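Below you'll find the structure, written out as structure tokens, and then a few comments.
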Amino acid sequence: MKRLMMLLLALMTGIQGWTGNIAYGPWVTESRSDRVTICWMSEVPGMAYVELSDGTQVWETFAGRRIFKRLHSVQINGLEPGAELCYRVCGQDLTDDSNARNPRFGDIYEGQWQRVRTFDPEAETCRFSVFNDIHNQVDEYSALAAQVDSAATDFLFLNGDIVSAGNYVADTLVRYELEPLGTLAAGLPVLFARGNHEGRGNNPQLVADIFPNEDPAPFYYTFRQGPVAFIVADGGETGYSRSILYSGSAVYEDYINEQIRWARQAMQEPLFADAPVKICLIHVPMIDHPDKNDYLLQRWLNVHFVPLLDEAGIDLMIGADLHEFMYLTPGTMNNPFPILVNDDVRRLDCSYDSGKLTLTTFNVAGEMEFSTVLEVGSL
Ligand SMILES: [Fe+2]
């Protein structure tokens, strides 16, 4: 009966296909110039695929098998820079897996057609919006997202602590991290930096399942859109004595040192090194804060990570975490480049065009709170 009603609704509204079994999505992540990864949640486990406008079906597989899951992730690769991909997410519900040799399937669902564009290093501009420290405030997050002009935006960036610490299941994480973005996430890539709260709880790998990013690691990577190269890093846990938290299961020192070794190499890659503008995105701002007790990690990163970022020519760092706004001109907190710390539950819009990087923050009511223009872009 439910399906009959949905089919009637689809016929009345002109929506193609049976979409009723999609719990949430799709959302696009892990975007580069040659690929995107498309994710969604289905109501029940089943086989899944992404259909492209030319009829190609890209199935979700693992080691030679189509797999039966609820949280789906399909990478579309071999794409051209700046190409528009027209896609829809589809699947078939698993109804009975009691006989492993003969699983039974039921409804086939087909999502609505969506369009997303791959990144293009040759593009003349780069425009993106940053969200951070939302801490489960879904109504405020929705209000900030609803103000985004998708036609004038290349991607969205979640700079951590979108959730508060907790032992989540995938549905809850998706509800807090992605659902408030509405349909934006189907047409704009959503990239992610982990906050300290996403690193807490007993299931930290689940966050990587909803933001899959394999190259080189789930939470640190580089990418480029137009003239701007980005390095995304993971600052780990900010708490005092962080290594003895979580009954000894936190080994963030090793993890951050691993990132420093990686970053040194990654920033020498031509796509990064040759970019006119370079931005570091990280939840934990690398500042030498005057509060020497509570800001141990920030200060450690300032000593150990900032020099190599400076050597690579970073023009700006965008941080979060502090739940206050800071715009630090070079030299303010031992920072050789400007650092903007976005306040909690605010949106930061960034736009680079013709040597000017414009940074503007907005509150939930859509009121502008800060705006500045940086002259950057010389090689
Ligand atoms: Fe936070």
Side-chain angles (χ1 to χ4, degrees), residues 28-29 31-33 82 117 119-121 123-134 141 144-162 181 184-185 187-193 195 221-233 272 275-286 309 312-322 324-330 335 337-364 366-378:
V28 179
T29 188
S31 187
R32 300 291 187 274
S33 59
R117 202 172 280 285
F119 289 158
D120 181 5
E124 291 184 357
T125 61
C126 177
R127 306 155 304 177
F128 59 103
S129 292
V130 181
F131 304 81
N132 54 274
D133 297 283
I134 301 292
Y141 188 14
L144 289 170
Q147 300 160 16
V148 172
D149 178 0
S150 59
T153 307
D154 297 319
F155 66 94
L156 307 176
F157 192 80
L158 307 186
N159 204 8
D161 284 11
I162 307 300
L181 295 172
L184 271 184
L188 292 176
V190 183
L191 289 97
F192 176 79
Y221 51 98
T222 60
F223 67 100
R224 179 164 166 179
Q225 166 59 10
V228 186
F230 297 88
I231 179 166
V232 179
F272 190 94
V277 184
K278 301 177 181 72
I279 295 178
C280 177
L281 296 160
I282 181 167
H283 180 73
V284 181
M286 303 184 189
L309 293 173
I314 291 292
D315 295 288
L316 171 73
M317 172 177 287
I318 296 174
D321 185 49
L322 305 184
E324 65 175 306
F325 175 82
M326 287 185 185
Y327 180 72
L328 305 172
T329 54
N335 50 310
F337 39 74
I339 299 180
L340 190 152
V341 179
N342 194 35
D343 204 351
D344 61 317
V345 201
R346 301 295 196 283
R347 193 184 73 255
L348 167 66
D349 287 353
C350 309
S351 166
Y352 180 78
D353 190 3
S354 308
K356 289 184 167 45
L357 179 61
T358 305
L359 309 168
T360 313
T361 68
F362 294 91
N363 63 19
V364 170
E367 297 159 342
M368 190 178 79
E369 293 192 336
F370 172 83
S371 189
T372 193
V373 178
L374 292 176
E375 305 267 348
V376 289
S378 57

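In this text, all values refer to a predicted model and were calculated from it rather than measured experimentally.
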Report task. Could you walk me through whether I279 and L357 pass the side chain to side chain contact (heavy atoms under 4.5 Å, CB included) test, one step at a time? Result -> CA-CA 11 Å; I279 295 178; L357 179 61; 4.1 Å; yes
Report summary line: Only residue of F223, Y352, F272 satisfying ring pair (Phe, Tyr, Trp, His ring centres under 6.0 Å) with F230 is F223
Requested in this report: Could you pull out all residues at least two apart from D343 that satisfy salt bridge (charged side-chain N to carboxylate O under 4.0 Å, His left out)?
Outcome: R346
Requested in this report: Check side chain to side chain contact (heavy atoms under 4.5 Å, CB included) between A185 and all other residues, then give those that pass, not counting sequence neighbours.
Outcome: Y24, W27, L181, V190
Query - Check: R117 side chain, F119 main-chain N or O, donor-acceptor pair, under 3.5 Å - result: no
Query raised in the report: What pair of heavy atoms forms the shortest contact from D120 to Q225, and how long is it?
Result: N-OE1, 2.8 Å
Report task. Under the side chain to side chain contact (heavy atoms under 4.5 Å, CB included) rule, collect the residues that match up with E375, sequence neighbours excluded. Result -> K356
Query raised in the report: Do L309 and K278 have side-chain heavy atoms sitting under 4.5 Å apart?
Result: no
Report task. Go through the structure and list residues passing side-chain hydrogen bond (donor to acceptor under 3.5 Å, both in side chains) with T329, not counting sequence neighbours. Result -> T332
Report task. With the side chain counted from C-beta on, respond yes when M317 and N335 share a heavy-atom pair under 4.5 Å apart, and no when they do not. Result -> no
**Report entry** Spatial distance of atom CE (M326) from atom CG (N342) [nearest 0.5 Å]
**Finding:** 12.5 Å
Query raised in the report: Between P227 and A275, what is the shortest heavy-atom contact and its length?
Result: O-CB, 3.7 Å
Which pairs would a plain distance check flag for residues 124-131, meaning a side-chain donor or acceptor within less than 3.5 Å of a matching protein atom at least two apart in sequence or in another chain?
from	atom 1	to	atom 2	distance (Å)
R127	NH2	D154	OD1	3.1
S129	OG	D349	OD1	2.8

Query - Contact check, side chains of T29 and F192, non-hydrogen atoms, under 4.5 Å - result: no
Requested in this report: Could you tell me whether the side chain of D315 reaches within less than 4.5 Å of the side chain of L374, counting heavy atoms only?
Outcome: no
Query raised in the report: Would you say the side-chain atoms of E367 pair up with the backbone N or O of F362, donor to acceptor, closer than 3.5 Å?
Result: no
Query raised in the report: Considering all heavy atoms of both residues, which atom of N132 and which atom of N159 are nearest to each other, and what is their separation?
Result: CB-O, 3.7 Å
Query raised in the report: Considering the options V341, I282, L281, which one meets the side chain to side chain contact (heavy atoms under 4.5 Å, CB included) requirement together with I318?
Result: L281
Query - Heavy-atom pair of closest approach, residues L340 and L316 - result: N-CD1, 4.2 Å
**Report entry** All ring pair (Phe, Tyr, Trp, His ring centres under 6.0 Å) counterparts of F370, not counting sequence neighbours
**Finding:** F325, Y327
Requested in this report: Search all heavy atoms of V345 against all heavy atoms of I134 and return the closest pair with its distance.
Outcome: CA-CD1, 4.0 Å
**Report entry** Pairwise side-chain contact, L156 with V148, heavy-atom cut-off 4.5 Å (strictly under)
**Finding:** yes
Query raised in the report: Do T153 and L184 come within less than 4.5 Å of each other through their side chains, counting heavy atoms only?
Result: no
Report summary line: One should read off an interatomic distance between D133 CG and E324 CD, to the nearest 0.5 angstrom, of 11.0 Å
Report task. Enter the distance from N363:CG to M368:CE here, rounded to the nearest 0.5 Å. Result -> 11.0 Å
Report summary line: Closest non-hydrogen contact found for P285 with D321 is CD-CB, 4.0 Å
